[in-house]
Amino acid sequence: MTKNTPAPALLKDPNSGKEWELPIRSGSVGPQAVDVSKLYGQSGLFTYDPGFTSTAACDSGITYIDGEEGILLHRGYRIEDLAQNCSFLEVCHLLLHGALPNAQEKSAFEDSIRYHTMLHEQMLMFYRGFRRDSHPMAIMVGVVGALSAFYHDSTDINDPEQRLLAQYRLIAKMPTIAAMAYKYSVGQPFMYPQNSRSFTENFLYMTFGVPAEEYAPPPAFVSAMERILILHADHEQNASTSTVRTAGSSGANPFACISSGIASLWGPAHGGANEAVLSMLREIGHPDRIPEFITRAKDKNDPFRLMGFGHRVYKNYDPRAKVLQSHAHEVLESVGRKDEPLMALALQLEQIALQDEYFIERKLFPNVDFYSGIILEAMGFPTSMFTVLFAVARTVGWVAHWNEMISAEGALRITRPRQLYTGEPERPFVPLDER
Ligand code: CMC
């Protein structure tokens with residue numbers, strides 16, 4: 001053992017008295033991990049960890065979270081610094097290529113993304129197959145999955161150039177797909193991208209512009225949307241990213257993998273939470289009713305949870321929620337809703353919850369979703385589009401992790417968890433007339 005190799009952990013079976021040494025692995029920062037990858041072969045024992053609360057499933061150099069301290073780093077940079085000083089595409093470059101771009105790299109990267117903003121014209125037919133009242137996430141899952149039927153030159157996962165092309169295509173086309181999902185739901189014509197606009201401005205233009213009029217989004221909207229995209233760009237091995245990795249581990253093509261990530265993101269415990277926050281605030285309706293809802297959130301017999309509160313990893317204030325709180329004020333002011341009652345209600349709810357023993361004991365703080373819904377609603381997005389915006393932002397994280405997994409040293413290994421079987425042991429077959 002070298003000086004820097006930590007001593008192994010010992011696992012002892014009290015029944016047989018047998019012992020196994022389990023190597024301890026260290027990352028660059030953060031907790032060490034017990035390597036159990038050889039445990040079953042050596043001992044015949046599995047580890048048991050539903051929800052993966054204590055399990056690292058891969059090595060990754062993209063994002064680091066210190067949940068106790070409320071710190072989020074992308075490639076070593078604090079999220080607050082990135083949100084304050086970078087454009088979304090600079091953050092995309094950082095996540096994909098490991099470094100912030102210099103001026104020349106930034107311009108070349110923007111050009112590469114811009115080149116891919118349009119959709120194959122035939123894809124527009126897909127939208128017309130959906131009911132007008134379809135949830136836009138249903139359209140996203142379908143249309144993004146269908147990209148694999150259109151871009152055959154970027155589905156060979158063993159070719160790094162095709163992988164890069166697929167990543168750029170997904171980042172570039174996602175705003176177009178999302179905006180079209182919205183336009184379809186309101187019965188307005190699709191807006192084609194205008195590449196003279198920035199990534200974020202283009203997205204707002206395709207969403208809120210109409211062919212009959214000129215459209216320039218208010219600067220406060222562009223700035224807030226840019227921050228929302230940055231703050232949602234990646235969050236290490238969350239449910240949707242793990243889904244993308246799992247789908248990709250079988251060698252599936254990138255478009256199919258990202259479609260599976262969108263499906264996972266859709267759930268209310270993940271990307272659907274900001275939609276749920278707004279519904280919850282509307283249901284509470286008045287500050288006088290906050291105590292009633294706090295009591296419900298604490299009641300184990302009531303399925304109600306305080307949406308936008310709590311996080312699997314953060315046991316402190318989510319740093320992304322802090323950035324969004326200030327932008328919420330800015331956007332509300334820019335649309336003349338400085339005294340927005342929902343914002344006042346959210347602030348009071350946060351204050352009351354943070355002083356409540358139940359939330360203090362369990363370290364439940366506001367997460368990124370607590371304020372994002374208020375901003376998006378003020379900008380004019382219907383609640384059904386909130387998770388779609390999350391998907392637009394998270395696409396870069398998904399493709400970065402997918403590519404990291406495939407380009408990692410060693411053969412791609414299929415993700416295949418084991419189980420603790422609790423069903424019937426083997427029993428004799430009973431013919432139909434004897435059952
Ligand atoms: N309201 C009331 N109680 C809560 C809440 C909440 N929002 N969140 C957790 N708890 C309680 C939970 O009942 C449990 O209590 P006890 O120990 O007495 O059984 C304890 O806190 C630990 O909760 P958990 O369910 O073990 O935590 P988890 O890591 O499995 O779940 C979570 C994390 C985010 C799913 C959960 O906190 C939650 O449902 N929050 C509301 C939904 C939400 O805001 N989701 C957005 C997450 S951030 C964006 C993203 O990553 O997509």
Side-chain angles (χ1 to χ4, degrees), residues 49-55 62-65 67-68 70 72 74 79 137 228-245 260-281 283-284 290-325 346 349-376 383 386-398 401:
D49 184 18
F52 302 122
T53 49
S54 299
T55 297
I62 301 173
T63 290
Y64 173 73
I65 304 173
E68 294 300 322
L72 168 60
H74 291 321
I79 189 68
M137 282 299 272
I228 286 177
L229 294 176
I230 293 172
L231 295 172
H232 289 82
D234 189 43
H235 214 226
E236 52 121 301
Q237 311 307 323
N238 55 86
S240 57
T241 304
S242 300
T243 304
V244 169
R245 278 194 182 251
S260 74
I262 296 173
S264 168
L265 184 73
W266 195 353
H270 192 5
N274 55 7
E275 190 175 338
V277 170
L278 221 59
S279 321
M280 175 189 75
L281 290 174
E283 198 189 339
I284 296 175
I290 291 175
E292 176 195 329
F293 281 82
I294 295 269
T295 307
R296 283 188 60 194
K298 299 192 290 190
D299 180 356
K300 293 287 165 222
N301 298 316
D302 188 329
F304 175 77
R305 279 190 165 194
L306 213 52
M307 298 314 284
F309 257 77
H311 198 274
R312 171 61 59 82
V313 183
Y314 292 117
K315 301 302 163 200
N316 203 324
Y317 212 109
D318 181 340
R320 302 168 301 170
K322 275 193 194 145
V323 178
L324 281 184
Q325 200 195 57
L349 179 61
E350 175 188 329
Q351 235 177 18
I352 293 173
L354 290 181
Q355 285 163 9
D356 190 289
E357 209 42 49
Y358 174 95
F359 291 86
I360 296 170
E361 242 175 49
R362 289 167 181 76
K363 300 185 178 171
L364 301 170
F365 291 85
N367 61 47
V368 68
D369 291 312
F370 196 65
Y371 289 106
S372 61
I374 294 175
I375 300 180
L376 295 172
T383 46
F386 291 1
T387 320
V388 174
L389 297 166
F390 197 155
V392 170
R394 184 56 57 86
T395 297
V396 62
W398 290 330
H401 281 271

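Just so you know, ligand 1 is whichever comes first in the structure, and atom 1 is the first atom listed for that ligand. Predicted model only: the values in this text are computed from it and were never measured.
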### Message
Could you tell me, atom by atom, which parts of ligand 1 come under 4.0 Å of a heavy atom of Gly308?
### Response
43 (C), 44 (O)
Is there a side-chain contact between [X] and [Y], using heavy atoms and a 4.5 Å cut-off?
X	Y	result
His401	Gln237	yes
Leu349	Phe370	yes
Leu229	Val392	yes
Arg320	Tyr314	yes

Do any nitrogen or oxygen atoms of [X] lie less than 3.5 angstrom from nitrogen or oxygen atoms of ligand 1?
X	answer
Asp369	no
Leu306	yes
Ala273	no
Phe359	no

Identify the protein heavy atom lying closest to [atom], giving its residue, its atom name and the separation to 0.1 Å.
atom	result
atom 42 (C) of ligand 1	Met307 CE, 3.4 Å
atom 52 (O) of ligand 1	His270 ND1, 2.5 Å
atom 45 (N) of ligand 1	Ala269 O, 3.3 Å
atom 2 (C) of ligand 1	Ala297 O, 3.6 Å
atom 17 (O) of ligand 1	Arg362 NE, 3.8 Å
atom 23 (O) of ligand 1	Arg305 NH2, 4.1 Å
atom 40 (N) of ligand 1	Phe309 O, 2.9 Å
atom 30 (O) of ligand 1	Arg312 NH2, 2.9 Å

### Message
Angle between ring planes, His235 versus His311, binned at 30° and 60°: parallel, tilted or perpendicular?
### Response
perpendicular
### Query
Looking only at heavy atoms, is any part of Tyr358 under 4.0 Å from ligand 1, and if so is it the side chain, the backbone, or both, or is it neither?
side chain
### Task
Could you tell me whether Leu364 approaches ligand 1 through its side chain, its backbone, both or neither, with non-hydrogen atoms closer than 4.0 Å?
side chain
#### Entry: Geometric cation-pi criterion Arg362 and Tyr358, 6.0 Å radius, 45° cone
yes
### Query
Under the 6.0 Å and 45° cation-pi test, does Lys322 pair with Tyr317?
yes
### Task
Please check if the side chain of Asp318 supplies one atom and the backbone of Pro366 the other of a donor-acceptor pair under 3.5 Å.
no
### Query
So, does Thr53 use its side chain to make a donor-acceptor pair with the main chain of Asp49 at under 3.5 Å?
no
### Query
Within a reach of under 6.0 Å around CZ of Phe52, are more than 12 heavy atoms found that belong to other residues, nucleotides or ligands?
no
#### Entry: Under-4.0 Å heavy-atom contact between protein and atom 26 (O) of ligand 1
no
### Query
From atom 33 (C) of ligand 1, is the closest protein heavy-atom distance below 4.0 Å?
yes
### Task
Would you indicate which of Lys363, Arg394, Lys300 comes nearest to atom 19 (O) of ligand 1 when only heavy atoms are counted?
Lys300
### Query
What's the verdict on side chain to side chain contact (heavy atoms under 4.5 Å, CB included) for Leu281 and Val277, showing C-alpha distance, side-chain angles and the deciding distance?
CA-CA 6 Å; Leu281 290 174; Val277 170; 4.0 Å; yes
